[in-house]
Amino acid sequence: MSDAAHAHDDHSHGHPSGVMRWLTTTNHKDIGSLYLWFALIMLFLAGSMALLIRAELFQPGLQLTNPDFFNQLTTMHGLIMIFGVIMPAFSGFANWQVPLMLGAPDMAFPRMNNWAFWLLPMAGIMLMGSFWLPGGAVAGGWTMYPPLFIQGGISYDLTILAVHIMGLSSIMGSINIVTTILNMRAPGLTLMKMPLFCWTWLITAYLLIATMPVLAGAVTMLLTDRNFGTHFFNAAGGGDPVMFQHIFWFFAHPEVYILILPAFGIVSQIIPTFARKPLFGYASMVYATASIAILSFIVWAHHMFTVGMPAAAQLFFMFSTMLIAVPTGVKIFNWVATMWKGSLTFETPMLFAIAFVCLFAIGGFSGLVLAIAPVDIQLHDTYYVVAHFHYVLVSGALFSIFAGIYYWLPKWTGNMYSETLGKWHFWLSVIGMNIVFFPMHFLGLAGMPRRIPDYALQFTEFNQIATVGAFIFGFSQLIFLAVVLRTIKSGEKATSRVWEGAEGLEWTLPSPAPYHTFETAPVVK
Amino acid sequence: MSLAQTDKYYLPQPSLWPIIGSVALLLMAVGGTMVMRDIDNGGWILLTGLAILLYMMFGWFGEVIRDSEAGRYNSQVDASFRWSMSWFIFSEVMFFAAFFGALFYTRVLSVPWLADAETGSLLWEGFQATWPTAGPGLTQDGFEFTPMGAWGIPALNTLLLLTSGVTLTWAHWGLKKSNRTQLILGLAMTVALGVVFIGFQVYEYIHAYSEMGLTLGAGVYGSTFFMLTGFHGFHVLVGTIMLIVMLLRSIAGHFTAENHFAFEAVSWYWHFVDVVWVLLFIVVYWLI
Ligand code: HEM
Ligand SMILES: [Cu+2]
């Protein structure tokens, strides 16, 4: 059978339009956009929850919420930000960029790609819908610890199944990405020539495939403990609630690297472009990423120093955790070295990337402080931890997402974004972000516990500062929305290279990148 | 018909199957939750979801099979299938690892802690750390059960599954020699062994529930026992269904000596399920 004839009549089937186009699409660019829009919508939903939390914490006492609803807000804020914003946004980047960077026509499995995306809105419906169920949404914390999580009502079951569905989506998405990267590279594009974004996603996908099933196992045990009489987490039956924490963190520590490795990748693409120098120490970046991934499997109990474990175990987890700071330091060093003596310009993507390097480093340092077991016994479950993970997640993961959007939006839409609005968005975000989260270090050191709607009077000032910052940060994201919408509609036409210093296959394509790209593979020398 | 070897990429058309599958899973999750919470009509929603899911699988896999038989998959697609099946099996390994981990944790750590002179005795004085156990609370309340021995049905099942691995490999040799009779015979024997295994497992479960007092609720021993063997049994079921599909396709004349990755994928899966069973047999049934 002649394949050319095939290809021909394949194209004569009309593509569906309207809603059906998006429901049935197998195009990596369409699916990338779907992921990114989903993430943006969820960002505003979970962000509103955060603003409600901060509004409640503006003063001691209970103003706007009751304790149960407050706990629902913190739980859902965490779950949605992790599974509904950061992870889908990175998947959106992977969908858009991995085929373009590898010179592939699409992902390896375009239909499964569609499925991986369309499972997410289903899980989103289940999570958001649970607010309206009897008893409200889950209030047991995003970490889902038993016995609390075993005692809740219907939304707890629904949330467990939503986690299963999101896990399924992640596993399918990751298998797709790994396969694409390993099997669909243009001729000549060897692994060690691959853009670092692809490397970080390859390793992230590996982490996802390795840990998502473990999470599925953990929540399955919760589900059977709740509904089918098992005793995994019940000491009377010989089980142990602490066992859940071990299994959960065996998933969830690698998960935090899932939330940051693609960010490393994005930043590693952006900094060389605006420094007009190749990335310093490419190979060491690859090895550092790989060692972070491997080490991330042996540090999980640093989340559990206070639940009780032998001193030897504490020492082991303390030192293994500190060890991760070494490859992380290599990365920061390499980014700074890339900028060193470069001819730097400061367009919005670069601003976000530089802020990423500085502020992520702060988050890394507070992580190191928390890694010290005796110190963590004081700081665990205080606002210090909240400060730590928001420095790595907001000024880390989220800023890298902003940076990536500003960087590639001209390639995707064919239009330049407004640099003025971009800078406004950047400065308000950086300032707002630091006003919210920096005081939380002090609150934590002074002993303010997390996940409590009320607090002692002496914590008032710092809480008020944080709340003001939160509203600045939150509302400045509307600028981002405006920038994105305006860029899609209009704006100065972008060239194919877009940025003077940009290197890589995606920049050889016209802007906007056509619907089908690299149908015959380019050759990389 | 052999695969067309071209340097052109294969790109599927837009497809309705994934969104149908997503809706199916949503219905199943919502229906399942309603069943667990005793809300009326949950069962119907669950079944509707399941029916839609099965419809999707028939439709989607059917399309893939037709594409494959029409020679639309080139060697690159074949390599993609190989990578993805390997990674999928790796994810399954990690899923089972969670439950094996739970078994290890309870046997080696939490049960001994509960009998520890300093800590455990504060809660349940006099509890002895033994395995199998239903745990200190249940034991003190007079809960009793008989653990499942290794040398009856489980040993037989081990034999069955190991043999099925051999018959499947024999079928594969047949396929590679283009000996269709050997292929079909080998597959049929493998399916038969799988079905007998499932039958024995069902019998064992009924026996455990009705005569031995061994249930999901029998403390952490019952929990780990049924979770591990249950998920394994479910995988055997899925594997058997996939083997039946391979059998029917072989009878219909699908596959060639060179191109038969669907068959290989199913046999990888089957061998994986086999290995899990051997581990299960050792740590769940034998070493107690
Ligand atoms: C140098 C690297 C890092 C170190 C040494 C580190 C260390 C730690 C430690 C010891 C804790 C436990 C604190 C406690 O609960 O008492 C913690 C919590 C946390 N870390 Fe990190 N971390 C690092 C990087 C990251 C990154 C990159 C992320 C995510 C992008 C992250 C996200 C989190 C989150 C979400 C929590 C809180 C989990 C919870 O209890 O809800 N960390 N970190
Ligand atoms: Cu951690």
So for [X], is it side chain, backbone, both, or neither that comes closer than 4.5 Å to the heavy atoms of chain A?
X: F231(B); answer: side chain
X: I20(B); answer: neither
X: T224(B); answer: both
X: W124(B); answer: side chain
X: M56(B); answer: side chain
X: W17(B); answer: neither

Step by step, would you call V214(A) with F95(B) a side chain to side chain contact (heavy atoms under 4.5 Å, CB included)?
CA-CA 5 Å; V214(A) 175; F95(B) 182 71; over 6 Å; no

Is the number of heavy atoms from other residues, nucleotides or ligands within 6.0 Å of [atom1] ([X]) greater than 12?
X: M36(B); atom1: CE; answer: yes
X: Y55(B); atom1: OH; answer: no
X: W113(B); atom1: CH2; answer: yes
X: Q151(A); atom1: CD; answer: yes
X: Q140(B); atom1: CD; answer: yes

Leading residue by heavy atom contact count with chain B [cutoff under 4.5 Å; candidates [options]]:
options: G239(A), A108(A), A236(A); result: A236(A)
options: I125(A), D106(A), L223(A); result: L223(A)
options: L208(A), L23(A), L158(A); result: L158(A)
options: P213(A), S174(A), A216(A); result: P213(A)
options: V178(A), L161(A), D157(A), T180(A); result: D157(A)

W115(A)-S22(B) side chain donor-acceptor pair, cut-off 3.5 Å:
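A pair is found: one side chain offers a donor N or O, the other an acceptor, under 3.5 Å apart.
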
Under a 3.5 Å threshold, yes or no: a donor from one side chain and an acceptor from the other, between R82(B) and N183(A)?
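Side chains of R82(B) and N183(A): no pair found under 3.5 Å.
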
Gap separating the [atom1] atom of [X] from the [atom2] atom of [Y], nearest 0.5 angstrom:
X: L114(B); Y: D240(A); atom1: CG; atom2: CG; answer: 7.0 Å
X: T224(A); Y: L216(B); atom1: OG1; atom2: CG; answer: 7.0 Å
X: S223(B); Y: M221(A); atom1: OG; atom2: CE; answer: 10.0 Å
X: M122(A); Y: M28(B); atom1: CE; atom2: CE; answer: 14.5 Å
X: T179(A); Y: F88(B); atom1: OG1; atom2: CZ; answer: 13.0 Å
X: I209(A); Y: S91(B); atom1: CD1; atom2: OG; answer: 7.0 Å

Heavy-atom cut-off 4.5 Å, strictly under: side chain, backbone, both or neither for [X] against chain B?
X: I247(A); value: side chain
X: T220(A); value: both
X: L120(A); value: neither
X: Y156(A); value: neither
X: F233(A); value: neither
X: I154(A); value: both

Looking at [X] and [Y], what are the two nearest heavy atoms and their distance?
X: I165(A); Y: A29(B); result: CD1-CB, 4.1 Å
X: S110(B); Y: G238(A); result: OG-O, 3.2 Å
X: M184(A); Y: S80(B); result: SD-OG, 4.3 Å
X: V220(B); Y: F232(A); result: CG2-CA, 4.5 Å

With a 4.5 Å limit on heavy-atom distance, are the side chains of [X] and [Y] in contact?
X: N227(A); Y: R37(B); result: yes
X: L16(B); Y: R111(A); result: no
X: L109(B); Y: M243(A); result: no

What residue, out of [options], has the most heavy-atom pairs lying under 4.5 Å from chain A?
options: L25(B), T133(B), D141(B), V23(B); value: L25(B)
options: S15(B), A129(B), G21(B); value: S15(B)
options: G32(B), P12(B), G137(B); value: P12(B)

Sorted by number, residues from residues 96-104 of chain B in contact with chain A (heavy atoms, under 4.5 Å):
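Listed by number, the contacting residues are A98(B), F99(B), A102(B).
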
Check the orientation of H246(A) and Y105(B). Use parallel for under 30°, tilted for 30 to 60°, and perpendicular for over 60°.
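Correct class here is tilted.
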
So, for F228(A) and F226(B), is the gap between ring centers shorter than 6.0 Å?
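Distance test on ring centres: not under 6.0 Å, no.
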
Apply the test side chain to side chain contact (heavy atoms under 4.5 Å, CB included) to residues M94(B) and T211(A): give CA-CA distance (whole Å), side-chain angles for both, the deciding distance (0.1 Å), then the verdict.
CA-CA 7 Å; M94(B) 294 310 290; T211(A) 60; over 6 Å; no

